[in-house]
Amino acid sequence: MQAKSTLIPQGAWRPSLHLSALLASSCLAGVAAAQEAPSAVDEVIVTAQRRSESVQQVPAAITAVNQAIMQQRGITDVSTLQFAVPSLTLGRSLGVTQIAIRGVGRSVGQPGVAINIDGVYQPRNTPMVVGQSDLDRVEVLRGPQGTLYGRNANGGAVNFITQAPTAEFGGYVQASYATYDEYRFQSALNLPINDRVRTRLAVDYDRRETGFVKNVAGGADLDTVDTLAGRLRVGVDLTDNLDLDLNFNAFRGGGAGDYYVLTSPPSAAGVALNPYIVNANVPLQYWRTSAKGPTDSERDFSSLSATLNWRLNGFDLKSITAYQRMDNKWDMDRDGVDLAVVDAHADENSSTFSQEVDISGTTGPFDWVGGLYYMNDKHAQTTYYAFKLGFTPLPPNFYLVQNMPRYQTEAYAGFGDVTWRLSDRLRLIGGLRYSSDKTTVIHRNYVGSMLTGAALLETCPIQRDELEWDSLTYRLGGQYELSDNKNIYATTSTGFKSGGVNFSGCNNAFNPEDITSYEGGFKGRFLDNRLTLNASAFWYDYSDFQLSQVVGISGRITNAASARVKGLELETVWSPDDHWSLNGSLALLEATFGSFTNTDSLNAALGPQNLKGRYLANSPKVSGNIGVAYRTDETESGRVTARADITARSKIYFREFNRPEESQAAYAIVNANLIWDSPDQAYRVRVFANNLFDKGYWTSMLAVDGFGARAGSFGTPRQVGVELRAQF
């Protein structure tokens, strides 16, 4: 076993002053990049408030990334999207991709950031992959969205809007190859049937044969990918004022993407609990593992939604009906070392039906929207843990089963939101939402013998929990136009995240999470619309903040009494002429616990610790990005665009105890793109390098009590590749 960790270098860069000065002096942030008219910054139209409007007119902190920006910056999924949006972080925990905004949202269980694909809410993060190809745009709303988006939107909302079918025949074919033997093929075909029926078919295949995480003990490499996704959208004009949008998604994925590796050697206390662990090979390097247990996954997801838009005199009526189904099986070496300590297997399935009816319109000086929402989500999961060597207090050759045949949630909501135009420049905003959640959970845990297969001890006899929560969330505010292209706003809003049951324990429920947010901002365009500058300041008051923990080998959620979050965000883009485009962002964040006492299972001798003032996990004090692009004049040979993006973050803690060994030191990531477009814009070649300097960093970390250590997952290493695209 190696004795010294190389994961956190000594004398690591201290970013608080350096990064703040660099980014603040640059005053640059990515909102939109000009494509057709680079001398002016394009306005991006969004539907974040359930109506079409410029992103600059939305009285909230929102970043919209359209298709042109994604192609130029090489944004292919949420792992690269996080480097283009202020205060957005991404990580994996227990094999699940999680999103946090302003330090809020990442927890085991239901997401704390609402994910919507073409207006359909995703009750869990796994299906999010179907919304990452053939996109029209992505809208990221920061801050609680409890009125328009409802439950589980405390951190914000991410809206994936895919390309709708049009009346013109066309499409594209795109193929790429990158290091680690990653092949990706994407294609879309837009096919109008007649004057009233349009179709669009999109396919996305991604295969990475060589894993990012090299196995030094002879086992399989980890973090491989093998996914196939398809989408069929059909648009039908039923009448002149009534149209139907049918949206069918299917996804099948696999690969060794669910993993953890130890970030430090087991402690003396861990060796005392499980002496055999002293023989483990713990490779303390980035993108290395010694895990020999099975690691694989098989995920299937499908969804069908039908959206009716009925345009009537004075108002619009919209109905969104959706059904989603997911089957998920995975195997995971939960110890992350070359000993058969904990091998896990899970079978999970879910089905979700949702119905939303919205009505919106304009009556005199009032722009208004109201709606009703219903969701019935059924979820079942069985997880099997095998302990061949034993795991205190279990002897060798024992297993543990956590069986949850039913976790059903019925959610009801009604909401209304009004903007009152008092004058040409002044608007008042008000919204209210009532939500009711009813959750039924049936679960049972038991241990047994691997030799006989017999169950020997009920650690949690079968039980039934029935929980109900009601909430009333609101937003109030105002917006004032200083001029035609500059405005200020101030809002107060609240959010609600559902409680639930930790089926890994027994009689272990957690409470809902409530948040009140106060936010003010400025949005402006300058220099003949060549410069866009947005700023926002915010302050959150949390109660019953939901906190992820790992006890033994199982993840669970508990409630901290309170938390406070405050910060400042700047974002702007400047396109001074036809050649240059510059963008960047700066986020200053202070996210700390209020009243909260907890015991660290890795330092139990310290007893209960007062954690008031400790930083929330995944909350860098300073973060930001700077991007620079230069494109040549258009010639008979085409046009070339060169682009570089730098993203930097200060230290991030992953657990509430804020110990140095469970943090990620400050780091910076550099991405580069070189793009050639043919004169007729029909062909494009993009050469790219992501994480150009191969910077190693952690995206998540948790405690492993039985080893007296911590385990985590890595960020993406350097990938260099080429992408070819042809449009027709």
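- When all heavy atoms of Glu569 and Ser87 are compared, the closest pair comes out as OE2-OG, 2.6 Å.
- The CZ atom of Arg124 lies 13.5 Å from the CD1 atom of Ile115; values are rounded to the nearest 0.5 Å.
- Between Arg614 and Glu656 there is no salt bridge, since no side-chain N of the basic residue sits under 4.0 Å from a carboxylate O of the acidic one.
- By the 30° and 60° cut-offs, the orientation of the rings of Trp287 relative to Phe714 is tilted.
- Asn658 places a side-chain N or O within donor-acceptor distance of the main-chain N or O of Tyr615, the cut-off being under 3.5 Å.
- Here salt bridge (charged side-chain N to carboxylate O under 4.0 Å, His left out) pairs that include residues 583-611, with residues two or more places apart or in two chains, are Lys566-Glu590, Asp600-Arg655.
- Between Ile669 and Ile646 the shortest side-chain heavy-atom distance does not fall below 4.5 Å.
- The structure places CZ of Phe496 at 9.0 Å from OG1 of Thr473, a figure rounded to the nearest 0.5 Å.
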Residues Asn485, Asn529; criterion side chain to side chain contact (heavy atoms under 4.5 Å, CB included); working and verdict: CA-CA 8 Å; Asn485 52 13; Asn529 294 331; 3.5 Å; yes
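- When the side-chain hydrogen bond (donor to acceptor under 3.5 Å, both in side chains) test is applied to Asn116, the partners found at least two apart in sequence or on another chain are Asn159.
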Test side chain to side chain contact (heavy atoms under 4.5 Å, CB included) applied to Glu661 and Thr263, step by step: CA-CA 8 Å; Glu661 56 268 32; Thr263 68; over 6 Å; no
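- A side-chain contact (heavy atoms from CB on, under 4.5 Å) with Val158 is found for exactly one of Ile117, Val85, Val140, namely Val140.
- Between the side chain of Ser650 and the main chain of Lys621, a donor-acceptor pair closer than 3.5 Å is present.
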Evaluation steps, side chain to side chain contact (heavy atoms under 4.5 Å, CB included), between Ile488 and Gln479: CA-CA 6 Å; Ile488 56 175; Gln479 186 178 30; over 6 Å; no
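- When atom types are taken as modelled, the side chain of Asp77 and the backbone of Thr80 share a donor-acceptor pair closer than 3.5 angstrom.
- Distance check, rounded to the nearest 0.5 Å: CD1 of Ile429 to CG of Leu476 gives 9.5 Å.
- In this structure, the separation between CD1 on Ile62 and CD on Gln145 is 8.5 Å, given to the nearest 0.5 Å.
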For residues 511-518, dump all side-chain donor-acceptor pairs below 3.5 Å to protein atoms at least two apart in sequence or in another chain.
from   : atom 1 : to     : atom 2 : distance (Å)
Glu513 : OE1    : Gln546 : N      : 2.7
Glu513 : OE2    : Asn154 : ND2    : 3.0

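- Judged by distance alone, the side chain of Asn66 and the main-chain N or O of Ile69 form a donor-acceptor pair under 3.5 Å.
- Side-chain contact check for Ser581 versus Val573: some heavy-atom pair is nearer than 4.5 Å.
- With 3.5 Å as the limit, one finds a donor-acceptor pair spanning the side chains of Tyr540 and Arg102.
- Here the two rings, on Trp698 and Phe654, have centers that are 6.0 Å apart or farther.
- The closest donor-acceptor contact from the side chain of Asn691 to the backbone of Thr716 lies under 3.5 Å.
- The minimum heavy-atom distance between Ala84 and Ile75, with the atom names listed, is CB-CD1, 3.8 Å.
- Looking at every heavy atom in both residues, Ala591 comes nearest to Val565 through CB-CG2, 3.9 Å.
- Inter-residue side-chain proximity for Gln719 and Phe212 is flagged as met; some heavy-atom pair is nearer than 4.5 Å.
- The side-chain heavy atoms of Lys497 and Arg151, taken from C-beta on, include no pair separated by under 4.5 Å.
- Side-chain atoms of Thr599 never come within 3.5 Å of backbone atoms of Ala604 as a donor-acceptor pair (strictly under, hydrogens ignored).
- A pairwise comparison of heavy atoms in Lys523 and Gln56 identifies CD-O, 3.4 Å as the closest pair.
- Residues Asp694 and Arg718 approach most closely at OD1-N, 2.8 Å, considering heavy atoms.
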Evaluation steps, side chain to side chain contact (heavy atoms under 4.5 Å, CB included), between Arg710 and Leu702: CA-CA 6 Å; Arg710 296 156 186 86; Leu702 50 77; over 6 Å; no
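- Residues Ser585 and Asn625 bring a donor and an acceptor atom of their side chains to less than 3.5 Å of each other.
- Using a 4.0 Å cut-off between a side-chain N of Lys or Arg and a carboxylate O of Asp or Glu, Glu481 and Lys486 do not qualify as a salt bridge.
- Counted by atom type alone, Tyr121 and Asn152 present one or more donor-acceptor pairs between their side chains at under 3.5 Å.
- Side-chain N/O atoms of Asn487 and Arg427 include no donor and acceptor closer than 3.5 Å.
- Residues Gln49 and Leu148 have side chains in contact (heavy-atom distance under 4.5 Å, counting atoms from C-beta outward).
- The minimum heavy-atom distance between Gln72 and Ala629, with the atom names listed, is OE1-CB, 4.2 Å.
- One finds the CD1 atom of Ile161 at 5.0 Å from the OG1 atom of Thr47 (value rounded to the nearest 0.5 Å).
- Contact check for Ser435 versus Tyr373: no side-chain heavy atoms found under the 4.5 Å cut-off.
- Looking only at distances, a side-chain donor or acceptor of Gln82 sits under 3.5 Å from a matching main-chain atom of Leu90.
- Atom CG of Leu570 and atom CG of Leu568 lie 5.0 Å apart (nearest 0.5 Å).
- Residues Ser713 and Tyr259 meet the side-chain proximity criterion, which asks for heavy atoms closer than 4.5 Å.
- Residues Glu571 and Leu586 are not in side-chain contact: their nearest non-hydrogen atoms beyond the backbone lie 4.5 Å or more apart.
- For CH2 of Trp420, the number of neighbouring non-hydrogen atoms (other residues, nucleotides, ligands) closer than 6.0 Å is 12 at most.
- Between Tyr542 and Phe545, the ring planes lie perpendicular to each other; the angle is over 60°, past the 30° to 60° tilted range.
- Only one option out of Arg475, Arg51, Arg50, Arg433 pairs with Asp417 in a salt bridge (charged side-chain N to carboxylate O under 4.0 Å, His left out); it is Arg475.
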Residue pair Asp437, Thr439: steps toward the side chain to side chain donor-acceptor pair (under 3.5 Å) verdict: CA-CA 6 Å; Asp437 281 16; Thr439 298; 5.6 Å; no
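- Residues Arg649 and Thr89 have side chains that never bring a donor and an acceptor to within less than 3.5 angstrom of each other.
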